[in-house]
Amino acid sequence: MTIRVIIVDDQAMVRAGFAALLAAQPDIDVVGEAPDGRRGVEAARSAHPDVVLMDVRMPELDGLAAAREILRPPAGVTHRPKVLMLTTFDVDDYVYEALRAGASGFLLKDAPPADLIAAVRVVAAGEALLAPSVTRRLIADFAASRPAPRRDTAALRLNGLTPRETEVLELIARGLSNQEIAESLVLAEQTVKTHIGRVLAKLDLRDRAQAVVFAYESGLVTPGSA
């Protein structure tokens, strides 16, 4: 199956470079581009991509606001693509908020080409892009800096999980893959996938990225412990 992608970035050379790289892959089709967040939302609504590569800082509408509009569409709009944020270290705060809004992860704009291609495939498959490990560290830092209003509510929601599901959520937040979780808990990998599905359903989370954010906000995992 071909992965449909749109690229939203205010730098024409970045859009052209990413488009050429991705379009050269046999399983990826670049179906649109946009120079700002507002037109990025319009492109997402009209082209129905599987993945949106979204820059954070742009005119008209920044990437965070655009991601919110795409991931929380108005009534009548049913298509919700995956959003992969493109960023640099100086906008990490925006990235954290984007993950909370439902983005599936983020990638540094100077990442190697192979990483970009792999990221699109990972996100299109429904997984969250949480590598490299700096991602988890950043999420932990920002979760720790925003303790109050959400922590009590999030902790209460944890009560709906079984002990095993809680263990799985903690290991997701520590950055373990399904295979690593299976080895750690001495379970079959398919069983781990079942537990993850139940965790996401019970907590009303979109994917692993939001699961990591939730684990820190609820206090299940504390900054520095991962």
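- In this structure, CD1 on Ile117 lies 4.0 Å from CG on Leu21, to the nearest 0.5 angstrom.
- By the 4.5 Å heavy-atom criterion applied to side chains, Leu116 and Arg121 are not counted as neighbours.
- A heavy-atom distance below 4.5 Å is found between the side chains of Thr2 and Asp29.
- Phe214 places a side-chain heavy atom less than 4.5 Å from the side chain of Leu158.
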Test log, rule side chain to side chain contact (heavy atoms under 4.5 Å, CB included), inputs Ile3 and Val51
CA-CA 7 Å; Ile3 302 169; Val51 177; 4.1 Å; yes
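- What you find for Leu71 and Pro81 is that their closest heavy atoms are CD2-O, 3.5 Å.
- Checked by atom type and distance alone, the side chain of His79 pairs as donor or acceptor with a backbone atom of Pro49 at under 3.5 Å.
- Salt-bridge annotation for Arg57 and Asp10: absent, with no side-chain N of the basic residue lying under 4.0 Å from a carboxylate O of the acidic one.
- The backbone N or O of Ile28 sits nowhere less than 3.5 Å from a side-chain atom of Arg4 that would complete a donor-acceptor pair.
- Considering CG of Leu203 and CG of Leu161, their distance stands at 4.5 Å, rounded to 0.5 Å.
- One finds a salt bridge joining Glu165 and Lys202 here, because a Lys/Arg side-chain nitrogen approaches an Asp/Glu carboxylate oxygen to under 4.0 Å.
- Counting non-hydrogen atoms of neighbouring residues, nucleotides and ligands closer than 6.0 angstrom, the CG atom of Asn159 exceeds 12 such neighbours.
- Exactly one of Val52, Asp55, Val83 qualifies for a side-chain contact (heavy atoms from CB on, under 4.5 Å) with Val8. That residue is Val52.
- Of all heavy-atom pairs spanning Ala119 and Leu107, the tightest one is CB-CD2, 4.2 Å.
- With sequence neighbours left out, the side chain to side chain contact (heavy atoms under 4.5 Å, CB included) criterion links Ile196 to Val168, Ile172, Asn178, Val192, Leu200, Arg208.
- Between the side chain of Glu180 and the main chain of Ser177, a donor-acceptor pair closer than 3.5 Å is present.
- Residues Ala103 and Met85 share a closest heavy-atom pair of CB-CG, 4.0 Å.
- Under 4.0 Å is where a charged nitrogen must lie from a carboxylate oxygen, and between Lys109 and Asp9 at least one such pair does.
- Annotation: salt bridge (charged side-chain N to carboxylate O under 4.0 Å, His left out) contacts of Glu42 (sequence neighbours excluded): none.
- Side-chain atoms of Arg38 do not come within 3.5 Å of backbone N or O of Leu61 as any donor-acceptor pair.
- For Arg39 and Glu33, the salt-bridge test fails: no basic side-chain N is under 4.0 Å from an acidic carboxylate O.
- Note that OG of Ser184 is 6.5 Å distant from CG of Leu176, once rounded to the nearest 0.5 Å.
- Separation of atoms CD1 (Ile7) and CG (Leu84) is listed at 11.0 Å; rounding is to 0.5 Å.
- For the pair Val56 and Phe106, the minimum side-chain heavy-atom distance is 4.5 Å or more.
- With values rounded to the nearest 0.5 angstrom, Arg164 atom CZ is found 6.0 Å from His195 atom NE2.
- Legend: residues meeting side chain to side chain contact (heavy atoms under 4.5 Å, CB included) with Glu170, ordered by chain and number and at least two apart, are Arg174, Leu220, Val221.
- Here the closest non-hydrogen pair linking Ile6 and Ala44 is CD1-N, 3.6 Å.
- Rounded to the nearest 0.5 Å, atoms CG (Leu53) and CZ (Arg15) are 12.5 Å apart.
- For the side-chain contact (heavy atoms from CB on, under 4.5 Å) with Met54, the lone residue among Ile70, Leu86, Val41 that qualifies is Ile70.
- In terms of heavy atoms, Asp115 sits closest to Ala111 at CB-CB, 4.1 Å.
- Contact check on Asp50 versus Lys82 returns no salt bridge, with no Lys/Arg side-chain nitrogen under 4.0 Å from an Asp/Glu carboxylate oxygen.
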